[in-house]
S.K.: 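The structure's right below; bear with me while I get my questions together.
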Number of protein chains: 2
Amino acid sequence: MPASPDAPGSASLGGTALGSTPRRAPKTENGRRRAGRPVGGVLDKAGITAGALQLIEKKGYDGLTMAALARLLDVAPSALYNHVKSKRDVLLLVEDHLAALVDVSAFGMEPWEEAVRKWARSYRDVFSRHTPLIPVIAVLPVTDAPQTLAMYEAVSAGFRKAGFPEERIVSSIVALESFIFGSAYDVTAPPDIFDPGSMAEATPSFTAAVRSLAEQGHERPADVAFSLGLEALISGLGALRG
Amino acid sequence: MPASPDAPGSASLGGTALGSTPRRAPKTENGRRRAGRPVGGVLDKAGITAGALQLIEKKGYDGLTMAALARLLDVAPSALYNHVKSKRDVLLLVEDHLAALVDVSAFGMEPWEEAVRKWARSYRDVFSRHTPLIPVIAVLPVTDAPQTLAMYEAVSAGFRKAGFPEERIVSSIVALESFIFGSAYDVTAPPDIFDPGSMAEATPSFTAAVRSLAEQGHERPADVAFSLGLEALISGLGALRG
DNA sequence: ACCACTAAATGAATGCTATTCATTTATGAG
DNA sequence: CTCATAAATGAATAGCATTCATTTAGTGGT
């Protein structure tokens, strides 16, 4: 049994179970909660996850503190540590919840190219609103994240069915994932990120290139780069199929 | 003149000028330093950058605190704020220093494909040892980072010379960069990151794919994915050239 | 029906963190 | 000679994750 946030078979994060509202704390007659609580307390992992997500939506990742989370759940901060080992565990719970939102349904229904397109876009869109999780995912053993593992299973099955040689499946997925994570950051970048400012004369080639892209007047420049890279990866990796 | 860490033409981070050791604080007769100091004090941006890098090497990014940095530089923590607006500024100085270490020399000397290969590898290698900077770079306006801007200039000049249409240069670079940043994280991941653990039976396809890759016995699996993705991007993006 | 056990809560305390501010002082400019 | 200022100090602040001794309320066993 893994030490970390979730026992493998547990239903703590069942599918898209965000809908399960966190159980509210039963109050005593005077309205104040009493210390000491029996088996089956107010908190559980699903409630903590839902609370964290709610906090992130309203206040962003800066607003996600153990104290704020405890207050939202109407509980003392220390109570959280009966259910998670650390704040990192909370982030892990959130990450695994989000993984279930990534759309892998096209694998098996549509041609490989189109399935990858839909999966990659969905993956990027979900995590572009949660970039602070990316450093966490990157070194997260999948054992601790059942929904994430489920996503990998669906994707790798799609790759196999498309004719990828067994030993290249994981590497191909990792390559795509790396591109997706990097691209998720781009979405959050300020629009003028490439403005050379006062160094424009010193960097004529780059300045011209930036200007030329700007003149195209794309709504979201990050989307252009994403499409470009994604199509390149799809056709390049697709060539590996037997 | 930009408000942020570096005036454009300043020599505070001249090229690979890490070698310039931070000036030590002159001590008074009794060995204690006195409060109050005139124009041209102990600290400057180059010294802060060098100190931060030294700290990162020895203690990692967790060890990089304003207090530790001040102690290393033999100065009170508050003194740093005369030269830097925030800790983020320190990270920015470090980032820009590292950008100068990325090898762009192949652009103009070698064919485009090979130049991109060398640049991308170098870029990934440098930042795989500094992944905590990646979230910083991602939203960093280049105006504040002259060395980073210099790198972009060299790369975009290489792309133009290779025949890329003006308006696709930036997007192509961004796509490659996204992949590079994501891949930098992979390098730091634990070797058993994809071990499905107790969920192995539930994820047969992924488990088989992971096992098959493991049997190949590659030293660093992250390198395989990086090469795969990089070659795909090079051939895919290369097709854009006119 | 009792009793012991234990999961799950409390709240106070700890040690870090970045950052701010009033104060001091050495220096170079006029 | 004076004086404005850059650049230092150190004390104070607010917020952070985390730990710990303590309390309590149910549950299973006898």
Side-chain angles (χ1 to χ4, degrees), chain A residues 5 7 10 12 22-48 51-52 55 59-93 132 136, chain B residues 7 10 12 22-48 51-52 55 59-92 132 136:
Chain A
S10 93
S12 72
R23 290 176 264 152
R24 302 300 308 181
K27 309 275 181 149
T28 52
E29 318 75 34
N30 57 23
R32 300 287 307 136
R33 304 188 49 261
R34 288 182 308 251
R37 195 156 293 271
V39 215
V42 190
L43 291 176
D44 62 355
K45 279 171 186 160
I48 290 174
L55 214 45
K59 314 274 186 179
Y61 275 86
D62 283 350
L64 176 60
T65 69
M66 297 302 269
L69 183 52
R71 188 153 33 80
L72 179 79
L73 297 171
D74 199 20
V75 131
S78 50
L80 296 168
Y81 289 87
N82 288 320
H83 303 269
V84 294
K85 199 169 90 294
S86 66
K87 182 177 180 178
R88 185 167 195 280
D89 272 10
V90 175
L91 295 176
L92 235 105
L93 288 171
V136 174
Chain B
S10 95
S12 73
R23 290 175 263 151
R24 302 302 308 181
K27 309 273 182 151
T28 51
E29 319 74 33
N30 58 22
R32 302 285 306 136
R33 302 186 54 260
R34 289 181 309 249
R37 193 157 294 271
V39 218
V42 190
L43 290 177
D44 63 355
K45 280 173 185 158
I48 290 174
L55 214 45
K59 313 273 188 181
Y61 275 86
D62 282 351
L64 177 60
T65 69
M66 297 302 269
L69 182 53
R71 188 155 31 81
L72 179 79
L73 297 171
D74 199 19
V75 133
S78 50
L80 296 169
Y81 289 87
N82 288 321
H83 303 269
V84 145
K85 198 170 91 295
S86 66
K87 182 177 181 179
R88 185 168 194 278
D89 273 10
V90 175
L91 295 177
L92 234 106
V136 175

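Naming: A, B, ... by sequence-line order, numbering from 1 per chain. It should be emphasised that the depicted structure is a prediction, and the values quoted were computed from it without experimental measurement.
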S.K.: For Leu91(B) and dA18(C), give me the distance from atom CG to atom C1', rounded to whole Å.
M.R.: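 After rounding, the gap between these two atoms is 12 Å.
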S.K.: Among dA8(C), dT9(D), dA7(D), which nucleotide sits nearest the side chain of His83(A)?
M.R.: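 Given the options dA8(C), dT9(D), dA7(D), the side chain of His83(A) is closest to dA8(C).
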S.K.: Please give, in whole Å, the distance from dA8(D) C1' to Leu73(B) CG?
M.R.: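 Taking atom C1' of dA8(D) as the reference, CG of Leu73(B) is at 13 Å.
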S.K.: Find the distance Arg88(B):CZ to dT19(C):C1' and express it as a whole number of Å.
M.R.: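 In whole Å, dT19(C) C1' lies 16 Å from Arg88(B) CZ.
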S.K.: Would you kindly check whether a donor in the side chain of Asn82(B) faces an acceptor in the base of dA6(D), or vice versa, at under 3.5 angstrom?
M.R.: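 Flag unset: no donor-acceptor pair detected.
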S.K.: Using the 3.5 Å cut-off, write out each protein N or O paired with an N or O of nucleotides 13-17 of chain D and the distance between them.
M.R.:
from	atom 1	to	atom 2	distance (Å)
dA17(D)	OP1	Met66(A)	N	3.3
dA17(D)	OP1	Lys87(A)	NZ	3.1
dA17(D)	OP2	Met66(A)	N	3.0

S.K.: If I compare all heavy atoms of His83(A) with all of Leu43(A), which pair ends up nearest, and what's the gap?
M.R.: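 The answer is CE1-O, 3.2 Å.
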S.K.: Please report the distance, rounded to the nearest Å, between NZ in Lys59(B) and C1' in dC16(C).
M.R.: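 So the two atoms are 16 Å apart, to the nearest Å.
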S.K.: For Gly63(A) and Ala68(A), work out which heavy atoms get closest and say how close.
M.R.: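 Scanning both residues completely, I find the closest heavy atoms to be O-CB, 3.6 Å.
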S.K.: Which atoms form the tightest heavy-atom contact between Ala70(A) and Ala76(A), and what is the distance?
M.R.: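 Minimum heavy-atom separation between Ala70(A) and Ala76(A): CB-C, 3.7 Å.
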S.K.: Taking only residues two or more places apart in sequence or in another chain, which ones pass side chain to side chain contact (heavy atoms under 4.5 Å, CB included) with Ser86(B)?
M.R.: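 For Ser86(B) the side chain to side chain contact (heavy atoms under 4.5 Å, CB included) partners, ignoring immediate neighbours, are Arg88(B), Asp89(B).
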S.K.: If every non-hydrogen atom of Pro77(B) is compared with every non-hydrogen atom of Ala67(B), which pair is closest and at what distance?
M.R.: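 Looking at all heavy atoms of both residues, the closest pair is CG-CA, 4.2 Å.
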S.K.: Counting side-chain heavy atoms from CB outward, which of dT19(C), dT20(C), dT10(C) is closest to Ser78(B)?
M.R.: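 Within the option list, the nearest is dT20(C).
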S.K.: Could you report the tightest heavy-atom contact between Leu69(B) and Leu55(B), atom names first, then the distance?
M.R.: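 Heavy atoms only, the tightest pair is N-CD2, 3.5 Å.
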S.K.: Rounding to a whole Å, what distance do you find between Leu80(A):CG and dA9(C):P?
M.R.: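 Value for this atom pair: 9 Å.
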S.K.: May I have the distance from Leu43(B) (atom CG) to dT9(D) (atom C1'), rounded to whole angstrom?
M.R.: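 The distance from CG of Leu43(B) to C1' of dT9(D) comes to 12 Å, rounded to the nearest Å.
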